[in-house]
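Read through the structure below, which is laid out as structure tokens, and then see the notes.
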Amino acid sequence: MYLYYTSLAVAFHAWGTLASSMAPLWPLVLVAASGILAIDTPHPRSSALHHLTKQLSQKYRKEVRPVHNWTQATTVYLDVFVRAVLDVDAQNQKLKTSVWYREVWDDEFLSWNSSMFDEIREISLPLSAVWAPDIIINEFVDIERSPDLPYVYVNSSGTVKHSKPIQLVSACSLETYSFPFDIQNCSLTFKSILHTVEDVDLAFLRSREDITHDQKAFLNDSEWELLSVSPTYNILQSSAGDFAQIQFNVVIRRRPLVYVVSLLIPSIFLMLVDLGSFYFPPTCHARIVFKTSVLVGYTVFRLNMSDEVPKSAVTTPLIGVFFTVCVAFLVLSLSKSILLVKFLHDEQCSRWEWTFLCLRGDTDTEGSRMDPCAQLTGVTEPPICQEHQAQPWTLREVWSQLQSISSYFQTQDQADRQEAGWLALLERFDRLLFQSYLVVLGFYAITLCSLWVLWSGL
């Protein structure tokens, strides 16, 4: 135990001697250690970013247009990418699209020297904290499910970049006459709602050629195909002043293959079947049954087609007009066939009545004829006298029957001539309907082919 305490005392004495000898070197050791820590630990950039943000927002006024010279206009550069056509409502004349909208402008109060802030060249700021142009879309109707991006990017030269996706519902004059080969041209017009061109001017962020032919962002897998987005710049003059505006004309066309297969080809087949009904004789009762079946087929097809054909209060699709004309021809031909059958039935009944009247005799209830003189005196003559007197009356009766038969045949000949005239007139009318039907069908086919050629040529 004595040896243990003795060794501890010797160790503490040696440590004290070493510490007293290295006392002058302690400052150097501390400086070296601090240098090593300074080299290994990076300088925090967040403090520079915080200092820059605080300096920019210290005297910034977002209510004032960001220019030092108030006579100088603020130029806002616009750009639009059409990503998809979501819906085309021809009945309400509305177009729903998904677009990516970008606007860029210079803010003279948001610039700094990047070398003084650790080479920070771009930062993000809240959109609500900076001045933003009051750009609206004239055709705007509604915005649906558009994500809110509350930040803008600002670089050291004061350029502010604001981008956001929009699901835009805009008013558009939609033409459906050439359905399903229709091409729509809808415009998106951007302008400032309050600032005139002396305060806020508009310009293109890209060249017009790049905007027109750029279709990379468009999702080309829907019913509609994007043809072009042509921009134009003009100044709108009004009583409140001159306003700069940029108009993007979005040209789209429908892909018609599904409608050709489901509408056009079945409709042409149905019309050809209706044309075949004209080869039935006009007096055939089966023709009425056949045309009635075709009319039912037209009605069912029209009901199924009404869900696919766009409805518009401005124009009617060509296929709808043609179907209406074909149904009118069908109803007219069916009415003509019904009237013809009714006319022939009445003529046949009248013939039966005439035949029955001519063959009926004028006998009394007992089957014998009486002399008029005997009827007056009430005396019955002897059988011999009655036999001699009955012969003239029998000749008169024969003559009367012959006259009746002759009159019947004359009337029958007149009725036959009249019936033949009516049949000839109805046959000419039926032939005229058939030729008109062919003309309408040919015009319809030529028009559809022309529209298809024009559609494919764009």
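- Side-chain N/O atoms of Q245 and N234 include a donor and acceptor closer than 3.5 Å.
- A side chain to side chain contact (heavy atoms under 4.5 Å, CB included) with Q93 is found for one member of C186, C172, S173 and no other, namely S173.
- Relative orientation of the F301 and F323 rings is parallel, given thresholds of 30° and 60° on the angle between their planes.
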**OP:** Assess whether side-chain contact (heavy atoms from CB on, under 4.5 Å) is satisfied between V294 and L330, documenting all intermediate values.
**Re:** CA-CA 8 Å; V294 175; L330 178 60; 4.0 Å; yes

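- Side-chain atoms of K62 come within 3.5 Å of backbone atoms of S128 as a donor-acceptor pair (strictly under, hydrogens ignored).
- A salt bridge does not link K96 with D89: every distance from a Lys NZ or Arg NE/NH1/NH2 to an Asp or Glu carboxylate oxygen is 4.0 Å or more.
- The CG atom of N113 sits 8.0 Å away from atom CD of E119, with the distance rounded to the nearest 0.5 Å.
- A distance of 6.5 Å separates CD1 in I123 from CG in L49, rounded to the nearest 0.5 Å.
- In the model, Q167 has no side-chain atom that pairs as donor or acceptor with a side-chain atom of S98 under 3.5 Å.
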**OP:** Take F218 and F81, measure what ring pair (Phe, Tyr, Trp, His ring centres under 6.0 Å) needs, and give me the verdict at the end.
**Re:** CA-CA 8 Å; F218 186 76; F81 294 92; over 10 Å; no

**OP:** Determine, step by step, whether E223 and R255 satisfy the salt bridge (charged side-chain N to carboxylate O under 4.0 Å, His left out) criterion, reporting the C-alpha distance in whole Å, the side-chain angles of both residues, the deciding distance to 0.1 Å, and the verdict.
**Re:** CA-CA 6 Å; E223 180 183 352; R255 289 187 171 93; over 6 Å; no

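- Taking a 6.0 Å sphere around OH of Y233, one finds it holds more than 12 heavy atoms contributed by other residues, nucleotides or ligands.
- Both tests do not hold together for K164 against Y101: distance to the six-membered ring centre under 6.0 Å, angle to the ring axis within 45°.
- Among residues two or more places apart in sequence or in another chain, the ring pair (Phe, Tyr, Trp, His ring centres under 6.0 Å) test is passed with Y444 by F322.
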Original post:
Would T75 and D201 count as a side chain to side chain donor-acceptor pair (under 3.5 Å) if you check the C-alpha gap in whole Å, the side-chain angles of each, and the deciding distance to 0.1 Å?
Top reply: CA-CA 5 Å; T75 303; D201 196 6; 4.9 Å; no

**OP:** Report the C-alpha distance between H68 and F109 in whole Å, list the side-chain angles of each, state the deciding distance to 0.1 Å, and finish with yes or no for ring pair (Phe, Tyr, Trp, His ring centres under 6.0 Å).
**Re:** CA-CA 8 Å; H68 294 288; F109 300 142; 4.8 Å; yes

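- Residues forming a disulfide (SG to SG under 2.5 Å) with C326 (at least two apart in sequence, or on another chain): none.
- Other residues, nucleotides and ligands contribute only 12 or fewer heavy atoms inside 6.0 Å of the CD1 atom of I193.
- Of the inter-residue distances, the one linking E122 atom CD with K161 atom NZ reads 5.0 Å to the nearest 0.5 angstrom.
- Salt bridge annotation for D214-R206: present, with a cationic side-chain nitrogen under 4.0 angstrom from a carboxylate oxygen.
- Residues R102 and S163 bring no donor and acceptor atom of their side chains to less than 3.5 Å of each other.
- In this structure, CZ on R83 lies 14.0 Å from NZ on K216, to the nearest 0.5 angstrom.
- Of the N and O atoms on the side chains of D106 and Y77, not one donor lies less than 3.5 Å from an acceptor on the other residue.
- Counting heavy atoms of neighbouring residues, nucleotides and ligands inside a 6.0 Å radius, atom OH of Y151 does not exceed 12 of them.
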